[in-house]
Amino acid sequence: AVRDHRAAVVAERRLARRIRGLEAINRLLATAGPTDQALDGVVGELANSLGYPYVSMFLRHGDVLRMRAQRGYRQLVGTFDGRQGVIGRVMRTRESALVRDVRVDPDYVIVEPSIRSLICAPMLVDQELLGVLCVESEHQLNRTDHDLLRSVAYRLGTAIALGRDRQALTERVELLELLRRFTASTATAPDLQQLYERTVAAASEVVGVCGAALVVSDEGSPAQRVRAAAGERPAAAVGELLPDTVLLARPISADGASP
């Protein structure tokens, strides 16, 4: 009876620690979003609060996964392309892996000789792979550990996707503001030369280039003359006459159509 009581107390404490760890992870992601500091903090919570001695997080960059944060490892493969390791298998299948004994898994790549068990969980949003979260231990991990890591990976995937959407929205808002300023600047130009100068200055800001020039066909000549330039490295000098074989931008006719 005493042994059963002690086991129950240990299990209750472990459950309470896991709940506190999940709450801390939720607060990190809800407060800061998927910043580098927050993602590193999630790995820290898994290691420090939840007691996993080896933790690693990989995020997707194109066709590969690159390590973003880790705890416990002396050496660790920094990039996976899906062809090796249990992480590679998770990349290909989009399914989490609970490896109770890494010694009998043919895909396992040894990184620490003392490790005996591994869990890898994909971060998925609508089956799009955003990353993989892994924990390893010198003791056998179980289904409870598996469910916990999948829950954290789900939260991470959701946070990363929301952060990506917020970034895209921010960029669209910034672009609309640049276009508004472009329109306001050119609409109030007092003369043609001011229109040229404001147009090229505003256009270089909207497009985000280090230099730009506005070229107008020279009256009575097939050549083109630079009417305005902007930026640290403008494409041409103001007043410069360019041969008709030089094209700095798409030509526009008087009615706005491309000739």
Side-chain angles (χ1 to χ4, degrees), residues 14-73 76-82 85-99 117-137 141-177:
R14 185 181 298 117
L15 177 60
R17 185 174 65 176
R18 286 176 171 169
I19 292 174
R20 289 195 301 271
L22 279 175
E23 289 175 346
I25 288 172
N26 287 336
R27 285 195 299 271
L28 269 173
L29 295 175
T31 303
T35 63
D36 289 344
Q37 184 177 1
L39 295 178
D40 185 75
V42 170
V43 171
E45 287 292 336
L46 287 168
N48 301 327
S49 299
L50 296 174
Y52 295 108
Y54 301 98
V55 186
S56 56
M57 180 191 299
F58 296 81
L59 297 186
R60 183 177 178 180
H61 294 266
D63 295 330
V64 301
L65 291 179
R66 293 179 183 169
M67 186 178 66
R68 177 57 66 89
Q70 66 95 1
R71 293 290 191 281
Y73 297 94
L76 185 63
V77 177
T79 303
F80 284 89
D81 60 6
V86 177
I87 292 179
R89 187 170 76 212
V90 171
M91 288 179 66
R92 296 191 303 272
T93 64
R94 303 294 200 268
E95 295 180 357
S96 61
L98 167 59
V99 181
S117 194
L118 161 72
I119 298 173
C120 288
M123 305 174 202
L124 298 173
V125 173
D126 297 330
Q127 285 302 303
E128 178 187 359
L129 181 69
L130 302 179
V132 173
L133 182 65
C134 300
V135 298
E136 298 183 272
S137 177
L141 299 170
N142 56 34
R143 179 60 60 182
T144 301
D145 298 302
H146 188 206
D147 291 342
L148 173 67
L149 200 70
R150 287 198 303 175
S151 177
V152 175
Y154 172 78
R155 287 165 169 77
L156 283 167
T158 301
I160 291 170
L162 288 174
R164 186 176 59 182
D165 291 343
R166 283 195 294 267
Q167 179 63 30
L169 179 60
T170 298
E171 291 174 355
R172 286 196 293 270
V173 170
E174 290 174 351
L175 177 59
L176 288 173
E177 173 59 19

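Below, all heavy atoms of this structure are taken into account, side chains as well, without hydrogens, waters or symmetry copies.
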*Do side-chain atoms of Ser96 reach the backbone of Pro122 as a donor and acceptor pair under 3.5 angstrom?*
no
_Residue pair Val135 / Leu118, side-chain heavy-atom distance below 4.5 Å_ = no
*Who passes side-chain contact (heavy atoms from CB on, under 4.5 Å) against Arg155, sequence neighbours left out?*
Asn26, Leu29, Ser151
*Kindly give the heavy-atom pair with the smallest separation between Gly157 and Leu130, and that separation in Å.*
O-CD1, 3.4 Å
*Dump the intermediate steps for salt bridge (Lys or Arg N to Asp or Glu O under 4.0 Å) on Arg66 and Asp81, then the final yes or no.*
CA-CA 9 Å; Arg66 293 179 183 169; Asp81 60 6; over 6 Å; no
*Check Leu39 against Pro34 and note the closest heavy-atom contact, atom names and distance.*
CD1-O, 3.9 Å
*Identify the heavy atoms of Ala153 and Leu133 that sit nearest to each other, and give their distance.*
N-CD2, 4.2 Å
*Could you give me the CA-CA distance, side-chain angles and deciding distance for Asp36 and Arg68, then say whether side chain to side chain contact (heavy atoms under 4.5 Å, CB included) is met?*
CA-CA 8 Å; Asp36 289 344; Arg68 177 57 66 89; 2.6 Å; yes
*Can you list every salt bridge (Lys or Arg N to Asp or Glu O under 4.0 Å) pair that touches residues 117-136, not counting sequence neighbours?*
Glu128-Arg164
*List for me each residue that meets side chain to side chain donor-acceptor pair (under 3.5 Å) alongside Arg143, sequence neighbours excluded, and say none if there are none.*
His146
*Side chains of Leu59 and Met123: does their closest heavy-atom pair fall under 4.5 Å?*
yes
*asked:* Applying salt bridge (Lys or Arg N to Asp or Glu O under 4.0 Å) as the test, list every pair that has at least one member in residues 54-64; sequence neighbours left out.
replied: none
*Partners meeting side chain to side chain donor-acceptor pair (under 3.5 Å) with Asn48 (sequence neighbours left out)*: none
_Taking side-chain contact (heavy atoms from CB on, under 4.5 Å) as the definition, give me every residue that meets it alongside Tyr154, ordered by chain and number, with sequence neighbours left out._
Thr158
*Separation of Thr35 OG1 from Asp40 CG (nearest 0.5 Å)*: 9.5 Å
_Beyond-backbone contact of Ile87 with Phe58, side-chain heavy atoms, under 4.5 angstrom_ = yes
*Is it true that a side-chain atom of Gln70 and a backbone atom of Tyr73 form a donor plus acceptor pair closer than 3.5 Å?*
yes
*asked:* For a 4.5 angstrom cut-off between non-hydrogen side-chain atoms, does Met67 reach Val77?
replied: no
_Using every non-hydrogen atom in the two residues, find where Gly131 and Leu65 come nearest and quote the distance to one decimal._
CA-CD2, 4.0 Å
_Please report the interatomic distance CG(Asp145) to CG(Leu98), rounded to the nearest 0.5 Å._
8.0 Å
*Begin from the C-alpha positions of Ile119 and Cys134 and carry the test side chain to side chain contact (heavy atoms under 4.5 Å, CB included) through to its verdict.*
CA-CA 6 Å; Ile119 298 173; Cys134 300; over 6 Å; no
*Report yes if some heavy atom in the side chain of Leu129 is under 4.5 Å from a heavy atom in the side chain of Met91; otherwise report no.*
yes
_Holding to ring-ring contact (aromatic ring centres under 6.0 Å, His included), I want the full list of residues that pass it with Tyr52, two or more places apart in sequence or in another chain._
none
*Give every residue pair that meets the salt bridge (Lys or Arg N to Asp or Glu O under 4.0 Å) criterion with at least one member in residues 47-56, sequence neighbours excluded.*
none
*Does anything in residues 85-95 pair up under side chain to side chain donor-acceptor pair (under 3.5 Å), and if so which pairs, sequence neighbours excluded?*
Arg89-Asp105, Arg89-Asp107
_I'd like to check the side-chain contact (heavy atoms from CB on, under 4.5 Å) partners of Ser137; sequence neighbours left out, ordered by chain and number._
Pro53, His139, Leu141
*With sequence neighbours excluded, tell me which residues meet side chain to side chain donor-acceptor pair (under 3.5 Å) with Asn142.*
none
